[in-house]
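Report on one structure; see the data block that follows.
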Number of protein chains: 2
Amino acid sequence: MPTKTYHIGVEATMEIIGGKWKSIILCHLRHHTMRTGELARAIPQISQKMLTQQLRELEAANIVSRHVYKQVPPRVDYSLTDYGKSLSGILHELCLWGEDNIDRRQAAGEDISLMSRDDVI
Amino acid sequence: MPTKTYHIGVEATMEIIGGKWKSIILCHLRHHTMRTGELARAIPQISQKMLTQQLRELEAANIVSRHVYKQVPPRVDYSLTDYGKSLSGILHELCLWGEDNIDRRQAAGEDISLMSRDDVI
DNA sequence: ACAAGAAGTCACTTTAAAGTGCGCTACCCA
DNA sequence: TGGGTAGCGCACTTTAAAGTGACTTCTTGT
C-alpha cells in the first residue's frame, strides 16, 4: 500500500472520531463503562449494526476496549482505553460547544431542541 | 418542518465541523484571513467545488465570514467570525491530538506520514 | 486578437456511509 | 415446546457526500 499521507493533524483525528456516530458513542463512554444494550438505549436512533460496526472501528484504533464475559446470554461491555481517555477533554468541549450552539440557534428562532443535557455527570 | 431534535451536544457540533473538509478549512483559517486560492493551495487535495461549497455552509452557520472585493479578477477572502473563533481552542486540540496519533501509529510501524506540521504558527 | 487569471456555478457521476432485515446461539423459565 | 434475551454476523439496498469537467466574467498583459 502506498504511504498514507496526512496534511494536517486534524485530518487524522477526524478519521477516528468523525462520522455520524463515533463521537456520540465516545461521549457516552466518557462517563462509564457501558454494555452494548445500554449504549443502544442511550443512542436510540442508532441501529444495532452501526453500533457494533462503529465500536469495532474504535476498538481497532485503540480508543475503546471490549470485554466479553463468557456467559449466555452474552454480556459484553465497552470502555475507553487509557489512550481513549486522552480524548475525553476534547469530547467534553465538543459537547459543551454543541449545547451552546443549540441554545443560540433556539434563541434565533430555529425549530430545534436538545433532549438530554446529562452529558456532564 | 418538524422540530429537529438533538440528543447530545456533540451531535450539533459535528453537524457543523464534521465531514471531510470543514475542520481542515477551519484549522487553516484559525491563523489568518485567507483568500480562496490560498486555501486551495493549503489544501491541495480539495476541489474548487468542495472548497466553495464547504465555505458556504460554514458561512451559513456563522462560523466564517466572506469578504468580496469589488474588482476583476475577483478577490474574495474568508476569516473566522467572532463566533467561529470560539472553536479555535477545540480546533487546536484536534490538530495536536491528531499529530500525536500519527506519531504513535508511525512508531507502531504504520506506513503513514504527516506533511506539514505548521498548524501552530 | 487572444490567453491567462480568480472565483464560482451547473449538471452529472462515483463512492462511501449508513440503514434494513434476517438468522444464529444457548440458556432460562413458564 | 417454545418464547424471551443479548450480542453479533451477513447480504443487500438506500442515501448522502464527494468528485469531475466544462463554462462564465471582466481585466490585464502580449
Side-chain angles (χ1 to χ4, degrees), chain A residues 1 4-8 10-26 28-29 33-61 64-79, chain B residues 1 4-8 10-26 28-29 33-61 64-79:
Chain A
M1 320 292 122
K4 162 139 206 184
T5 301
Y6 296 96
H7 296 259
I8 191 171
V10 71
E11 236 180 311
T13 307
M14 282 300 159
E15 215 170 84
I16 291 175
I17 68 166
K20 190 167 175 181
W21 301 114
K22 298 223 182 76
S23 57
I24 299 178
I25 292 172
L26 292 175
H28 285 288
L29 288 180
T33 293
M34 289 174 89
R35 300 188 52 174
T36 314
E38 250 182 306
L39 275 169
R41 262 171 274 117
I43 312 173
Q45 332 89 306
I46 202 173
S47 68
Q48 173 68 51
K49 177 205 156 189
M50 276 298 121
L51 181 56
T52 31
Q53 181 182 303
Q54 304 297 303
L55 283 165
R56 285 304 124 82
E57 291 176 21
L58 290 168
E59 201 191 354
V64 312
S65 62
R66 176 168 187 262
H67 305 269
V68 184
Y69 299 79
K70 214 179 167 308
Q71 62 183 53
V72 168
R75 175 193 179 94
V76 179
D77 62 35
Y78 297 92
S79 54
Chain B
M1 333 278 130
K4 162 137 209 187
T5 301
Y6 296 97
H7 297 260
I8 191 171
V10 72
E11 235 180 311
T13 308
M14 282 301 161
E15 216 169 84
I16 291 176
I17 67 165
K20 190 168 176 181
W21 302 113
K22 297 221 181 78
S23 57
I24 299 178
I25 292 172
L26 292 174
H28 285 288
L29 288 180
T33 293
M34 288 176 90
R35 300 189 52 174
T36 313
E38 250 182 305
L39 275 168
R41 262 170 274 119
I43 312 173
Q45 333 89 309
I46 203 173
S47 67
Q48 170 72 48
K49 178 205 156 188
M50 277 297 121
L51 181 56
T52 34
Q53 181 181 304
Q54 304 296 305
L55 284 165
R56 285 302 125 81
E57 291 175 21
L58 290 168
E59 199 190 356
V64 311
S65 61
R66 177 168 186 262
H67 305 268
V68 185
Y69 299 78
K70 213 178 169 307
Q71 63 184 53
V72 168
R75 176 194 179 93
V76 178
D77 63 33
Y78 298 90
S79 53

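So you know, we letter chains A, B, ... as the sequences are listed, proteins then strands, and number each from 1.
Considering only heavy atoms from C-beta on, M14(B) comes within 4.5 Å of I17(A) through its side chain. Side chains of H67(B) and V76(B) form no contact here, defined as non-hydrogen atoms less than 4.5 Å apart. Residues I43(B) and H28(B) have side chains in contact (heavy-atom distance under 4.5 Å, counting atoms from C-beta outward).
For the OP1/OP2 pair of dG5(C) and a distance below 4.0 Å, the side-chain nitrogens and oxygens of R75(B) include no atom meeting the criterion. For dG8(C), the OP1/OP2 oxygens have a side-chain nitrogen or oxygen of Y78(B) closer than 4.0 Å.
One interatomic measurement links the two molecules: CZ of R66(B) to C1' of dA6(C), which rounds to 12 Å at whole-angstrom precision. Atom pair L51(B):CG and dA6(C):C1' shows a separation of 12 Å (rounding to whole Å applied). Atom CZ of R35(B) and atom P of dG5(C) are 13 Å apart (whole Å). The nearest whole Å value for the distance from the CG atom in D77(B) to the C1' atom in dA6(C) is 13 Å. Put simply, CD on Q71(A) is 11 Å from P on dC28(C), counting in whole angstrom units. Nucleotide dC8(D) holds its P atom 10 Å from the CG atom of L39(A), rounded to whole Å.
Under a 3.5 Å cut-off, the side chain of E11(A) and the backbone N or O of H7(A) do form a donor-acceptor pair. The closest donor-acceptor contact from the side chain of T52(A) to the backbone of Q48(A) lies under 3.5 Å.
Nearest nucleotide to the V76(B) side chain, out of dT5(D), dA7(C), dC8(D): dA7(C). Of the candidate nucleotides dG8(C), dC8(D), dA6(C), dG8(C) has the atom lying nearest to any side-chain atom of T52(B).
The residues R35(A) and E38(A) are annotated as not salt-bridged, no charged nitrogen and carboxylate oxygen being separated by less than 4.0 angstrom.
Within the 4.0 angstrom heavy-atom criterion, no nucleotide atom of any strand lies near Y69(A).
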Let me have a per-nucleotide readout for nucleotides 15-23 of chain C, 5' to 3', with B, S or -, counting only protein heavy atoms under 4.0 Å. ---BBB---

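With 3.5 Å as the limit, one finds a donor-acceptor pair spanning the side chains of Y6(B) and E15(B).
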